[in-house]
Structure formats: C-alpha cells, structure tokens
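Notes for the one structure printed next.
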Amino acid sequence: MLTNYVQEQPQLIVGKPMTGKTTRAIKELGEPIIMYANDVPNDIHSFPKENGILIEDVHYKANVDSILEILRVYRGKVILTSLNEKDVPKKIKNKCKLRRQTGRIGRDKIMNIAPNSDEPDDKNKDMYSMMRQYVNNTDRDYVMQM
C-alpha cells in the first residue's frame, strides 16, 4: 500500500512585499490552515491533509523544530513564504522546492485606489543618477528629500 504513496515536496515562495506570495499560495491550496513561522503549534497531527498548510514569514524568528516536524509528518501540501531567501534557516530551505515570486499585485491595488499618484522612485539608485538629478533640478530641497 505505501509503495505507491508519493509525498509532494514542500514549496518555499520567496519574493518582495506586495508581490502576491500569499495570494498565490492560497490559490494553489484552496482553503489552507494559515500560521506564522514564529507561532507554529507542536500538535499538528489533527490537521486535515485535504486543506494544506500555509506557513508565513519563515524569515522572521522561525520555530525551526516545529516546522521541520510539519515537513516530516504532515501528508498534505505545505507552502512556506518568505521575504528573502538568505534569512530562511538552512534546515528548512534544504527540504523545500524554491520558487521566486515577482509581480505588482500590491502596486496595482494602490493604483486603483489612487490613480493620480506618482510612480515610486527607485531606492537603489547609483551615485551617478542621483548627482545628475541634483545638477539638473533647480529645486535642491526636493532632490535632497528624494
């Protein structure tokens, strides 16, 4: 009986805020049991395997032992989300299939609410582009605030 059983590998979805990590996970799981990585219960044996489990914010103070127990024992689908890959504990990352999430879901929602808003400026500008903007713009205070 158990020779035909194949457990699906847990997925780790990594992406910036407001890219749609949680939306994507909920769409794949249906109605999952949602929990945060720093508040994972120890008793997971009563969770139904049909729903699946969504573990949010694995990058922030993750309860590694409880999450590893879920990944070992739970027979349903498990999806974890994180803002960045480097802060996810290595033991958890090694057990998961990594998927990167890119998108503008949050940006589109903001544009629907405030259609006349300005495009956000790039935070990771290089020195050359900042100095060029400083030289070309006569309003120095505005450039300083940017």
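Side-chain atoms are counted along with the backbone in the values below, which use heavy atoms only and exclude waters and symmetry mates.
- To the nearest 0.5 angstrom, Leu29 atom CG is 13.0 Å from Glu50 atom CD.
- In this structure, Tyr60 contributes its side chain and Ser82 its backbone to no donor-acceptor pair below 3.5 Å.
- When all heavy atoms of Arg75 and Arg72 are compared, the closest pair comes out as NH1-O, 3.8 Å.
- Proximity of a side-chain donor or acceptor of His59 to a complementary backbone N or O of Leu83 within less than 3.5 Å is detected.
- The side chain to side chain contact (heavy atoms under 4.5 Å, CB included) test with Pro32 is passed by exactly one of Thr22, Ile53, Ile26, Val78: Ile26.
- Screening Ile70, Ile79, Thr81 against Ile55 for a side chain to side chain contact (heavy atoms under 4.5 Å, CB included) leaves a single residue, Ile70.
- Under the 4.5 Å side-chain criterion, counting only non-hydrogen atoms from C-beta, Val14 is in contact with Leu12.
- For the pair Pro89/Val58, a side-chain contact is recorded, criterion being any heavy-atom separation below 4.5 Å from C-beta on.
- Between Glu56 and Lys21 there is no salt bridge, since none of the side-chain N atoms of the basic residue sits less than 4.0 Å from a carboxylate O of the acidic one.
- Proximity of a side-chain donor or acceptor of Thr19 to a complementary backbone N or O of Lys16 within less than 3.5 Å is detected.
- Note: the hydrophobic cluster containing Val64 also contains Leu71 (ILVMFWY, side chain heavy atoms under 4.5 Å, direct or indirect links).
- Between the CG atom in Asn63 and the OH atom in Tyr36 there is a gap of 16.0 Å [rounded to 0.5 Å].
- Both Leu98 and Leu68 belong to a common hydrophobic cluster when Ile, Leu, Val, Met, Phe, Trp and Tyr are linked at side-chain heavy-atom distances under 4.5 angstrom.
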Residues Lys95, Lys91; criterion side-chain contact (heavy atoms from CB on, under 4.5 Å); working and verdict: CA-CA 7 Å; Lys95 295 209 176 264; Lys91 291 179 181 179; over 6 Å; no
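- For the side chain to side chain donor-acceptor pair (under 3.5 Å) test, residues two or more places apart in sequence or in another chain that qualify with Asn84 are Asp87.
- Closest approach of Glu85 and Lys93 over heavy atoms only: O-NZ, 3.6 Å.
- By the rule that hydrophobic residues join a cluster once side-chain heavy atoms approach within less than 4.5 Å of another member, Phe47 and Leu80 end up as members of one cluster.
- Looking at Ile67 and Ile92, their side chains come closer than 4.5 Å, going by heavy atoms from C-beta outward.
- A heavy-atom distance below 4.5 Å is found between the side chains of Pro41 and Met35.
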